[in-house]
Amino acid sequence: LELAGAVVTIDAMGCQKQIAAKIREKGADYVLTVKGNQDHLEEDIVEAFAAADEGLSSAKVRTHTKHDRGHGRVETRQTQAMAVPASLRNQEGWKDLHRIGRCTRLYREGGVDKSEVRYFISSLQPSVKKLVQAIRGHWGIENGLHWILDLYFAEDRNRARTGNAAANLALLRRWVVSLLRRDESVSGSIEKKRLQAAWNDQAREAILGLFVEN
């Protein structure tokens, strides 16, 4: 992949030292979600932010807060970033690691107040706004693509496990979503276009024609 100048975001499964190093070798920055799959990493980041919260650390924490309201939903996202603390174990194994981050999401769902906290590591320099943009962009993909794949293509219920079947089907679903989004011959939602392609030969030919060279 040509990644020079890009910011690569990956879920916790991609939070690997080799992946971080490869991204930097390609001239890109990384923002990797942290969970318990790396020894001590999440634990040390949680403790670093807790110490800052309690005034037990001199670390400078940069904070960005965003309030969203719409469709009956109220949501607050607070993103914070700080330099990598000396207490973070094995930090030398992460290529060009400069920042650790925390994103706290407060929202109301079904009349119940809920919260969610995620932690990150990043090669980005001090600006917390860049971290905010990367995280929101990543969640935008999560909401805009994965939700569609699960709702309309039942991806989470897929049980293909033999050989490369799961990977091949995942690639095919994403290709179909890309085709449906590009198509302008049928108006409406992804679901409406998908059904039209299934029921109407002409609609299907028009959509598939997007990848036919003239």
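From a predicted model like this one, the values you see are computed outputs, not experimental measurements.
For Gly101 against Ile45, the heavy-atom pair with the smallest separation is O-CG2, 4.4 Å. Closest approach of Gly111 to Arg108, counting heavy atoms only: O-NH2, 2.8 Å. Nearest approach of Ala52 to Met82, heavy atoms of both residues: CB-CE, 4.0 Å.
Counting only distance, with no hydrogens or angles, the side chain of Asn90 and the backbone of Gly93 share no donor-acceptor pair below 3.5 Å. Side chain of Asn168 to backbone of Asn164: a donor-acceptor contact under 3.5 angstrom is found. Distance alone, capped at 3.5 Å, places no donor-acceptor pair between the Lys35 side chain and the Ala12 backbone.
To the nearest 0.5 angstrom, Asp96 atom CG is 9.0 Å from Gln125 atom CD. Here the straight-line distance linking atom CZ of Arg24 with atom CD1 of Ile19 works out to 15.5 Å at 0.5 Å rounding. Atoms OG and CD, from Ser57 and Glu47 in turn, are 12.0 Å apart once rounded to the nearest 0.5 Å. Note that OG1 of Thr33 and CD of Glu42 are 10.5 Å apart. Values are rounded to the nearest 0.5 Å. Going from atom OG of Ser123 over to atom CG of Leu97 covers 8.0 Å, rounded to the nearest 0.5 Å. Once rounded to the nearest 0.5 Å, the distance linking CZ of Arg102 with CD of Gln78 reads 7.0 Å.
In terms of the side-chain contact (heavy atoms from CB on, under 4.5 Å) criterion, residue partners of Ala165 (sequence neighbours excluded) are, by chain and number, Ala160. Under the side chain to side chain donor-acceptor pair (under 3.5 Å) criterion, Glu191 pairs with Arg194, not counting sequence neighbours.
Side-chain contact between Met13 and Asn37 is absent, with no heavy atoms from C-beta onward closer than 4.5 Å. No side-chain heavy atom of Thr9 sits under 4.5 Å from any side-chain heavy atom of Ile135. Considering only heavy atoms from C-beta on, Leu41 comes within 4.5 Å of Leu88 through its side chain. Between Leu106 and Asp113 there is no side-chain heavy-atom pair separated by less than 4.5 Å. At least one side-chain heavy atom of Cys15 sits less than 4.5 Å from a side-chain heavy atom of Trp94. Side-chain contact between Asp44 and Ile100 is absent, with no heavy-atom pair separated by less than 4.5 Å. Looking only at side-chain heavy atoms (C-beta outward), Ile121 and His98 stay at 4.5 Å or farther from each other. In this structure, Val31 and Arg99 have side chains that are not in contact, with every pair of non-hydrogen atoms separated by 4.5 Å or more.
Using a 4.0 Å cut-off between charged nitrogen and carboxylate oxygen, Lys95 and Glu25 do not count as a salt-bridge pair. Ion pairing between Arg136 and Asp68 holds under the 4.0 Å rule for side-chain N and carboxylate O. Electrostatic pairing of Lys114 and Glu116 does not count as a salt bridge here, judged by no charged N lying under 4.0 Å from a carboxylate O.
In this structure, Lys17 places its NZ atom where more than 12 heavy-atom neighbours from other residues, nucleotides or ligands lie under 6.0 Å away. Dense packing is recorded around CD of Glu92, with more than 12 heavy atoms of other residues, nucleotides or ligands lying under 6.0 Å away.
Cation-pi geometry between Arg118 and Phe120 is not satisfied (NZ or CZ under 6.0 Å from the ring centre, within 45° of the ring normal).
Summarising the hydrophobic clusters (Ile, Leu, Val, Met, Phe, Trp, Tyr; side-chain heavy atoms under 4.5 Å, direct or chained), the residues clustered with Leu195 are Trp199.
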- Message: Go through it in stages, so that I can follow the logic: the residues are His64 and Arg77, the test is side chain to side chain contact (heavy atoms under 4.5 Å, CB included), and I'd like the CA-CA distance, side-chain angles, deciding distance and then a yes or no.
- Response: CA-CA 8 Å; His64 181 279; Arg77 292 179 187 267; over 6 Å; no
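Hydrophobic clustering keeps Ile10 apart from Leu171 (ILVMFWY residues linked when any side-chain heavy atoms are closer than 4.5 Å, directly or through intermediates). Val177 is not connected to Leu169 by any chain of hydrophobic side-chain contacts under 4.5 Å among Ile, Leu, Val, Met, Phe, Trp and Tyr, and they are in different clusters.
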